[in-house]
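Worksheet: the structure to be examined is printed underneath.
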2 protein chains.
Amino acid sequence: MPHFSKKLSPSNSILPEVSQHAGDRRIRRSKKALKETLIALMREHDFKEISITELVRRADLNRGTFYKHYRDMEGLLAETVEDAISDLIFSYREPYQHTDSLDLRKLTASGVKIFEHVHRHAAFYTLVVESQALPGLSDRICEVIKDLSLHDLELETLNPRINHSLYAGYQAYAIWGMILEWIKGGFVHSPEYMANQLLEYIRNRPAGTDIIHRSSPR
Amino acid sequence: MPHFSKKLSPSNSILPEVSQHAGDRRIRRSKKALKETLIALMREHDFKEISITELVRRADLNRGTFYKHYRDMEGLLAETVEDAISDLIFSYREPYQHTDSLDLRKLTASGVKIFEHVHRHAAFYTLVVESQALPGLSDRICEVIKDLSLHDLELETLNPRINHSLYAGYQAYAIWGMILEWIKGGFVHSPEYMANQLLEYIRNRPAGTDIIHRSSPR
DNA sequence: CTAGATAATGAACAATTGTTGACTAAGATT
DNA sequence: AATCTTAGTCAACAATTGTTCATTATCTAG
């Protein structure tokens, strides 16, 4: 392991540690340095204020190195986000080995995994969301959630009156909406609480929505 | 009903025609020119490619004029989006005069108005969403939907196990998820269809979500 | 209509951006 | 270990950005 500057934490634990699939060690080193420095700078200034010149100066890299790998600042942030996404996808796929045939369990198991993923990278998500910077972060994440949950739900949703792609968008963004509230609230709830809430929202409908089937409760 | 086919309409009907509350006519003129030119340029290049220099050249304004009103390109786009938001808020508030006490009606009446708003500005929403540019457009719109629907739903949602702010985020982003699918699909559905789908999603739960209470229906 | 206010202009300015080419250093492959 | 490949460096470049200032044009208040 080569020399790290002692200024900040020696290993930046915010970064999801992915996209190390580049063959060349030099590329890995440079990209990692750029991502870590970006995160560090985002803790000090708004994303908008960070200049590429300052970034590479802090990362102790030549400016040309940045442009060799990224088109612009958004490109770097996008790849940093993509690293988190990879972990999300991995986390999401996992629980399916040990689910039984109950659709509800499947859905909430997925939900739990998503919430756990976000919670694991809480510092990262907080930073990115609060930095206004989101280069389509919401959209990218929802795209993933949508694809993943569409894959599950379209087979289960028997009601022929329901438009599947619209419903997938509905569900995916709904979950993301919960996550945003969670983030903005500073993660005061546990991932399990979040999953239980999701379950609650799907299972129980707000007052007045069950007009048609309402009967006397015991 | 916006006209799509023609290349460049003489008066750019995409712009929601708001934020004209600035007292000085010169400011109104400049801002309007900048917004219209921005829209025009976004039909040609990606948002990222548009330079302020080119913008003001096309708008026949001095570059200093731009900086007098906006911090940067995102600022201009943000205000353009804000104009649409104003119309959304207005549209949303409207239907509440003639709703009865049924919460479901209230909710779908709100939904209808939101869908109608988006449909009215279809060209605008398509442009902004497809331009990747969204300076937090999703977030801004959902913020509005959330505030508006939270105002309605928190009083109606009797279930004490439901976290209201989380639920508001859930509902707001869910609607936005539907809208995004709608936009990306090229508005093949009518606003009424969208509202009916929303109703369907809230009223009917997907198969398997009613496990616990499932018993012989009677 | 006049006078004060201020938006718009035009010109400078340092700084940053995005790109290029020649050169050096490091890693991958046999 | 030798060598082919390519990442990283350095310097230069035009272009754009963001800012300032004096001047002119236009608006609003009275």
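Naming convention: chains lettered A, B, ... in sequence-line order (proteins, then strands); numbering from 1 in each chain. Here the structure is a predicted model, which is why all the values come from computation and not from measurement.
The two residues B:Leu55 and B:Leu38 have their closest heavy-atom pair at CD1-N, 3.6 Å. Contact detail for A:Tyr170 and B:Ile175: the closest heavy-atom pair is CD1-N, 4.5 Å. Listed here is the closest heavy atom pair of A:Ala174 and B:Ala174: CB-CB, 3.6 Å.
Side chain to side chain, A:Tyr67 and A:Asp72 fail the donor-acceptor criterion of an N or O pair below 3.5 Å.
Remark: the backbone N or O of B:His189 is paired with a side-chain donor or acceptor of B:Trp182 at under 3.5 angstrom. Of the possible donor and acceptor atoms, one in the side chain of B:Gln197 sits under 3.5 Å from a partner among the backbone N and O of A:Asn163. At distances below 3.5 Å, at least one donor-acceptor pair connects side-chain atoms of A:Ser30 with backbone N or O atoms of A:Arg26. Not a single donor-acceptor pair under 3.5 Å links the side chain of B:Thr65 to the backbone N or O of B:Leu61.
Residues satisfying the side-chain hydrogen bond (donor to acceptor under 3.5 Å, both in side chains) criterion with A:Ser190, sequence neighbours excluded, are A:Glu192. With sequence neighbours excluded, no residue forms a side-chain hydrogen bond (donor to acceptor under 3.5 Å, both in side chains) with A:Asn196.
A:Arg28 has its CZ atom 13 Å from the P atom of D:dA7, to the nearest Å. Rounded to an integer number of Å, the gap from B:His69 NE2 to D:dG18 C1' is 16 Å. We find that OH of B:Tyr67 is positioned 12 Å from P of D:dT20, with the value rounded to whole Å.
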Which pairs, protein N/O on one side and nucleotides 9-13 of chain D N/O on the other, fall under 3.5 Å?
residue: D:dT9; atom: OP2; partner: A:Asn62; partner atom: N; Å: 2.8
residue: D:dT9; atom: OP2; partner: A:Thr65; partner atom: OG1; Å: 2.7

Considering only nitrogen or oxygen atoms on both sides, find all protein atoms under 3.5 Å from nucleotides 24-26 of chain D and state each distance.
residue: D:dT26; atom: O2; partner: B:Arg26; partner atom: NH1; Å: 2.7

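For the helix from C:dC1-D:dG30 to C:dA22-D:dT9, the terminal axes (five pairs an end, C1' atoms, rotation from four pairs onto the next four) enclose an angle of 30°, given to 10 degrees.
Checked against the 6.0 Å centroid criterion, the rings of B:Tyr125 and B:His117 qualify as a close aromatic pair.
Salt bridge present: A:Arg58 and A:Glu44 bring a charged side-chain N and a carboxylate O closer than 4.0 Å.
Inter-residue side-chain proximity for A:His119 and A:Met194 is flagged as unmet; no heavy-atom pair is nearer than 4.5 Å.
Nucleotides of DNA chain C with any atom under 4.0 Å from a heavy atom of chain A span, from 5' to 3', C:dT16 to C:dA28.
In this structure, A:Lys31 does not reach the D:dG8 phosphate: none of its side-chain N or O atoms is under 4.0 Å from OP1 or OP2.
Residue whose closest nucleotide on DNA chain D sits further toward the 5' end, between B:Phe66 and B:Arg29: B:Phe66.
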